K.L.:
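Below you will find the structure I want to go over with you.
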Protein chains: 2
Amino acid sequence: MTTQKSSAHDKAAVPDIVIGRLPIYLRTLTIFRNSGKDVTSSQELGEYLGISSAQIRKDLSHFGEFGKQGTGYNVAYLCKQLEKILKVDCVWPVLLVGAGHLGHALASYEGFENRGFRITGVFDSSQEKVGGQIGNLVVQPMDELNDFVSRQRCQIAIIAVPAEAAQNVANLLIKVGVKSILCYAPITLTLPPHVQVEYIDPVIHFQHMTFYLSKGCIDS
Amino acid sequence: MTTQKSSAHDKAAVPDIVIGRLPIYLRTLTIFRNSGKDVTSSQELGEYLGISSAQIRKDLSHFGEFGKQGTGYNVAYLCKQLEKILKVDCVWPVLLVGAGHLGHALASYEGFENRGFRITGVFDSSQEKVGGQIGNLVVQPMDELNDFVSRQRCQIAIIAVPAEAAQNVANLLIKVGVKSILCYAPITLTLPPHVQVEYIDPVIHFQHMTFYLSKGCIDS
DNA sequence: CCTTGTGAATATGTTCACAGCA
DNA sequence: TGCTGTGAACATATTCACAAGG
């Protein structure tokens, strides 16, 4: 087995903000590919995304040389490479905590699978919800979490429970070995540094937008 | 009427990235307030959020001087000020397009109202969905959009339709005068520059996280 | 021609560190 | 003392602009 040599394309050297753009590139390139486009350029992709072509080229240059001068990028090839870089050339099991409206929506969503993810377990603390069916999954009680994570080697979890319950759920998830959490509860979690968290809260986006709007509310 | 004088706290001068953090501060301060905390400091808030205290102080300094040396910030007062800055000291009407699982979850969510937003209309293009009830709202057909927006002066919309339909929905929303769009469809919309868009796509977050995970997938 | 990949130049964002005040 | 608000220093990110290659 060859030791991986540290190179100009060393992973540790890639800024997180660059990693954050790769999924956007991949999403768009996949659309290009599915609509039959064979080749694209940094300029075309950039115009489509509202990003400068230089930025796209520099971002990609952290990982290798994927393009051809004068021609651009082979769409299918670049998709493959980005999938490899992001490690989504496979399907990751994801566990979901919370079987409310949002949990239902997430568990029923068909768009995860072909982008590298599959919700393989749904958990809820409520006796009423446990045992219920969502798609082809049965809602499990929280004390099944540990067994489930061991069996599936599941590293990723979604928290879709009310804000009051989210921190406790997060603590539990970490205890059973989850490494990355996507939190839909409108709070900031306190977590050990080796755990990744990202947040989705539509109100944060709304409030960002209203700053730029001229006021036009219903009531005070 | 007095003309607003351009000042050191000129709105145009505030970087967008700063605006983007204010809703997070507000969310956290509101939690502090609701748990009975009267006073906080940039250090306390920063530790809670994983942000440096200097950053918080500098961010706030764009808008005024809200703290007291030696003491810190009055939580309730700072909440009020942030609500005013973000223009969420009121309730904004929001229209929702898409009455699928996600649309249901959003329309039923109770957490919008006390943070400045209320979904006041749900629209869907499907004959089957139109007329259906979600909470206290009735799903309306798309051709009611125009009247609705005029009546409500609704500037904000959520797109919760499949990717294939999203661009057309967005075009329609712009035509009827919507100014800001929160798009849940996994695509980048092409829009005139005067329209604000933000995106929510959980897969983007997952793919960001898997970059840092060691691979452990179900299948290839 | 056209487009990539990349150093150099620029622009933006964050932190430091301290004066000033409760 | 303890904490804010803020210029100056530093760090990071983006864009420019061009050599090199198809």
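In the text below, chain A, chain B and the rest are named by the order of the sequence lines, each starting its count at 1. Small disclaimer: the values here were computed from a predicted structure and weren't measured.
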K.L.:
Looking across every strand, which nucleic acid part, if any, lies under 4.0 Å from B:S53 by heavy atom: base, sugar-phosphate, or nothing?
P.N.:
nothing
K.L.:
Could you check whether atom NZ of A:K68 has more than 12 heavy atoms from other residues, nucleotides or ligands sitting under 6.0 Å from it?
P.N.:
no
K.L.:
Could you tell me how far apart A:L45 (CG) and C:dT4 (C1') are, to the nearest whole angstrom?
P.N.:
14 Å
K.L.:
Does a side-chain N or O from B:S42 land closer than 4.0 Å to OP1 or OP2 of D:dT4, or not?
P.N.:
yes
K.L.:
Answer yes or no: are there more than 12 heavy-atom neighbours, outside B:K37 itself, under 6.0 Å from its atom NZ?
P.N.:
yes
K.L.:
Taking only side-chain nitrogens and oxygens of A:R21, does any of them come within less than 4.0 Å of OP1 or OP2 of D:dT14?
P.N.:
yes
K.L.:
Indicate, with a heavy-atom threshold strictly under 4.0 Å, whether A:L60 touches base, sugar-phosphate, or nothing.
P.N.:
nothing
K.L.:
When you match A:K58 and A:G72 each to their closest nucleotide on DNA chain C, which lands nearer the 5' end?
P.N.:
A:G72
K.L.:
Take a 6.0 Å sphere around NZ of B:K215 and say whether it holds more than 12 heavy atoms from other residues, nucleotides or ligands.
P.N.:
yes
K.L.:
Take B:I17 and B:Q69, find for each the nucleotide of DNA chain C with the closest heavy atom, and name the residue whose nucleotide sits nearer the 5' end.
P.N.:
B:I17
K.L.:
What's the closest nucleotide to the side chain of A:P15 if the choices are D:dA13, C:dT3, C:dT15?
P.N.:
D:dA13
K.L.:
Taking only N and O in the side chain of B:Y73, is any of them less than 4.0 Å away from OP1 or OP2 of C:dA22?
P.N.:
no
K.L.:
State whether B:S52 places a side-chain N or O below 4.0 Å from either non-bridging phosphate oxygen (OP1 or OP2) of C:dT15.
P.N.:
yes
K.L.:
Take the protein atom CD of B:Q43 and the nucleotide atom P of C:dT15, then report the distance between them rounded to whole Å.
P.N.:
14 Å
K.L.:
Going by atom types only, do B:N171 and B:Q167 share a side-chain donor-acceptor pair under 3.5 Å?
P.N.:
yes
K.L.:
If you check the B:A54 side chain, which of D:dC16, C:dT15, D:dT4 turns out closest?
P.N.:
C:dT15
